[in-house]
Amino acid sequence: MSNLKEISCKSCGASLIFDPATQMSSCNFCGTKFEIDLAEKSNLVITPDKLFPFSITKDQFKNILLIWLSKGDYTPDDILTSSIFDEINGLYLPQYLYEGSYSGNWSASSGYKKTESYAVVVDNKVKTKKRKFTDWRPSNGQVANKYSILAFAGNSDVLPSTIASFMNQDTFDKEDLKPFKSEYTSGFNIVPFDLDFENVWQSVGYKKAKELYLSDIKQRIPGDKYKDLVYDMNCEHARITNILSPAYIVNYEFGGKKFNVYMDGDKSKRIEGERPIDKARQEKVQLLKKPIRRFWWLSGITTFSIVLIYSNLSNDYRNGFETVIFPIFFLLMLIHGTVVHIKSKKSIKKLLSNSKERRQTILKSMQDGTSIPEELK
């Protein structure tokens with residue numbers, strides 16, 4: 001890794017390590033163009049031990065990205081033809097793999113749902129009734145198990161806050177880990193290990209271990225429910241491994257605004273991000289919902305008026321209201337409400353499905369390499 005260089009983005013502050021031979025020219029996080037000549041020789045404080053290699057190519061990622069972008073009820077119809085993508089390049093993100101075991105003691109009150117019979121006297125007769133209650137009993141035990149936890153080791157102060165969340169939810173298979181070799185990182189950018197393993201464990205790793213520990217305890221507590229849980233936990237690391245995890249982090253611009261999309265670079269294919277919203281379609285949907293709201297508003301006023309009239313009638317006329325007016329009114333209200341609801345839902349469904357069909361037609365044309373119909377551009 002002696003030929004690697006490092007550069008800090010002037011726009012977002014992110015640090016990236018790269019091989020000058022890859023001709024990296026833009027920041028993965030904000031899309032800002034770099035002047036490669038300004039990069040300095042990398043001085044890696046923490047070097048990776050292992051990594052998860054990329055198994056998804058740029059072309060595969062782009063196809064998955066287009067499919068993801070084309071989805072959504074309120075995604076603009078021209079999302080695929082009007083989006084401007086920055087340079088697509090994968091990168092490796094730093095993580096610590098904590099392997100070890102947790103142990104501890106717990107105590108709680110276990111609740112057992114029970115039913116008992118009891119006798120009561122009603123009209124000088126003894127009747128048997130049943131009641132349900134919870135029988136609370138003390139319980140305690142010990143827990144001991146192993147953990148394998150990945151935690152993001154990049155500097156969240158300069159990287160987008162959503163990156164840490166995305167990486168800390170990463171799932172993995174240890175069998176996919178490979179010993180670090182520079183050929184795996186050739187052509188990809190690297191985010192350095194900016195945080196030491198102790199700080200990352202305290203802020204992220206310990207919380208994950210605690211979640212596993214509590215889940216383990218809850219499976220062991222007897223009874224139907226519990227309360228007053230008290231526990232202690234000790235963690236002991238067997239090893240801590242410096243890991244590089246692959247990801248595609250891409251910026252795209254639509255309507256003058258920038259959006260990010262994140263996806264794993266290995267087989268898990270998690271993809272997260274933000275799609276722009278077609279506000280005009282949102283407003284149309286709200287207009288199509290108005291008849292439903294108007295119906296319930298008018299129904300409420302009409303019902304109140306009828307009840308008010310009924311309360312002022314003499315007993316002779318009330319019988320007619322109860323046997324004729326009320327049943328007819330509520331039947332008509334039910335029929336009318338059903339018709340209004342069905343019409344509104346049908347119109348909304350048609351509006352949204354037409355939009356999705358247009359996007360799917362554009363997507364298929366792009367995947368097949370055929371020209372996009374002029375009316376859809």
Side-chain angles (χ1 to χ4, degrees), residues 1-2 4-8 12-18 28-29 41-54 90-104 143-182 184-185 188-216 231-247 249 262 264-266 268 270:
M1 299 182 74
S2 58
L4 297 181
K5 288 194 173 184
E6 183 172 349
I7 193 167
S8 294
C12 70
S15 294
L16 288 173
I17 298 171
F18 66 99
N28 293 78
F29 301 100
K41 184 176 180 180
S42 175
N43 182 25
L44 285 174
V45 177
I46 301 174
T47 56
D49 300 314
K50 295 184 177 183
L51 54 70
F52 294 103
F54 271 87
L91 80 164
Y92 279 100
L93 293 160
Q95 303 213 85
Y96 292 119
L97 174 59
Y98 301 92
E99 296 176 275
S101 59
Y102 57 71
S103 60
V143 175
N145 215 330
K146 294 182 179 181
Y147 58 77
S148 294
I149 294 171
L150 269 182
F152 183 57
N155 188 352
S156 298
D157 292 336
V158 295
L159 299 176
S161 59
T162 48
I163 293 291
S165 175
F166 179 77
M167 295 308 297
N168 284 327
Q169 294 172 19
D170 194 9
T171 57
F172 66 98
D173 187 341
K174 283 180 59 178
E175 294 181 357
D176 295 330
L177 268 176
K178 304 293 182 184
F180 176 80
K181 291 181 181 179
S182 58
Y184 284 123
T185 58
F188 300 103
N189 308 325
I190 302 172
V191 173
F193 289 83
D194 286 325
L195 303 177
D196 65 72
F197 67 88
E198 285 289 352
N199 288 334
V200 174
W201 172 256
Q202 292 300 324
S203 61
V204 179
Y206 182 79
K207 292 179 181 178
K208 285 190 171 186
K210 187 176 178 180
E211 289 175 1
L212 293 173
Y213 183 72
L214 285 174
S215 177
D216 204 341
Y231 60 90
D232 58 63
M233 181 181 76
N234 296 310
C235 293
E236 185 175 348
H237 301 320
R239 68 183 62 85
I240 302 172
T241 311
N242 306 333
I243 301 292
L244 290 180
S245 292
I249 299 177
Y262 312 141
D264 289 328
D266 55 10
S268 61
R270 287 186 307 148

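These numbers were taken from a predicted model, which means no experiment stands behind them. The chain is numbered in sequence order, starting from 1.
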Backbone N or O of D157 within a donor-acceptor pair of the N155 side chain at under 3.5 Å?
yes
Just how far is it from atom CG of L244 to atom CG of L177, taken to the nearest 0.5 Å?
10.5 Å
So how far is it from N168 CG to I163 CD1, rounded to the nearest 0.5 Å?
11.0 Å
Would you say D196's side chain and N199's backbone share a donor-acceptor pair under 3.5 angstrom?
yes
Quick one, F172 and L97 - any side-chain contact, counting heavy atoms below 4.5 Å?
yes
Student check: side-chain heavy atoms of L51 and T185 closer than 4.5 Å
yes
Rounded distance (nearest 0.5 Å) linking atom CG of N28 with atom OH of Y262:
11.0 Å
What pair of heavy atoms forms the shortest contact from G154 to L195, and how long is it?
O-CD1, 3.3 Å
When rounded to the nearest 0.5 angstrom, what is the spacing between CG in D194 and OG in S156?
9.5 Å
Side chains of V191 and F29: does their closest heavy-atom pair fall under 4.5 Å?
yes
Heavy-atom check, side chain of D176 versus side chain of D266, under 4.5 Å:
no
Nearest atoms (heavy-atom pairs only) where S15 meets S8
OG-OG, 3.3 Å
For the pair F197 and Y96, name the ring-plane relationship: parallel under 30°, tilted 30 to 60°, perpendicular over 60°.
perpendicular
Report the C-alpha separation of Q169 and S165 in whole Å, then their side-chain angles, then the decisive distance to 0.1 Å, and conclude whether the side-chain hydrogen bond (donor to acceptor under 3.5 Å, both in side chains) test is met.
CA-CA 6 Å; Q169 294 172 19; S165 175; 3.3 Å; yes
Minimum-distance pair of heavy atoms, taken over all atoms of D170 and S245
OD2-OG, 4.0 Å
Plane angle bin for Y213 and Y102 - parallel if under 30°, tilted between 30 and 60°, otherwise perpendicular
perpendicular
Kindly check if the number of other-residue, nucleotide or ligand heavy atoms within 6.0 Å of NZ (K50) is above 12?
no
Check step by step if side-chain contact (heavy atoms from CB on, under 4.5 Å) holds for N145 and L212.
CA-CA 9 Å; N145 215 330; L212 293 173; over 6 Å; no
Is a donor on one side and an acceptor on the other found under 3.5 Å between the side chain of K210 and the backbone of M233?
no
Distance-minimising heavy-atom pair for M167 and R270:
CA-NH2, 4.4 Å
Rounding to 0.5 Å, atoms CZ (F52) and OH (Y92) come to a distance of 11.0 Å
Got a donor-acceptor contact below 3.5 angstrom from the Y98 side chain to the W201 backbone?
yes
Looking at the rings of F166 and F152, which for Trp means the six-membered one, are their centres under 6.0 Å apart?
no
L150 CG to I243 CD1 distance, which is reported to the nearest 0.5 Å
6.5 Å
Determine whether a donor-acceptor pair (N or O, by modelled atom type, separation under 3.5 Å) exists between the side chain of K146 and the backbone of E99.
no
Donor-acceptor pair, side chain of N242 and main chain of D49, under 3.5 angstrom
no
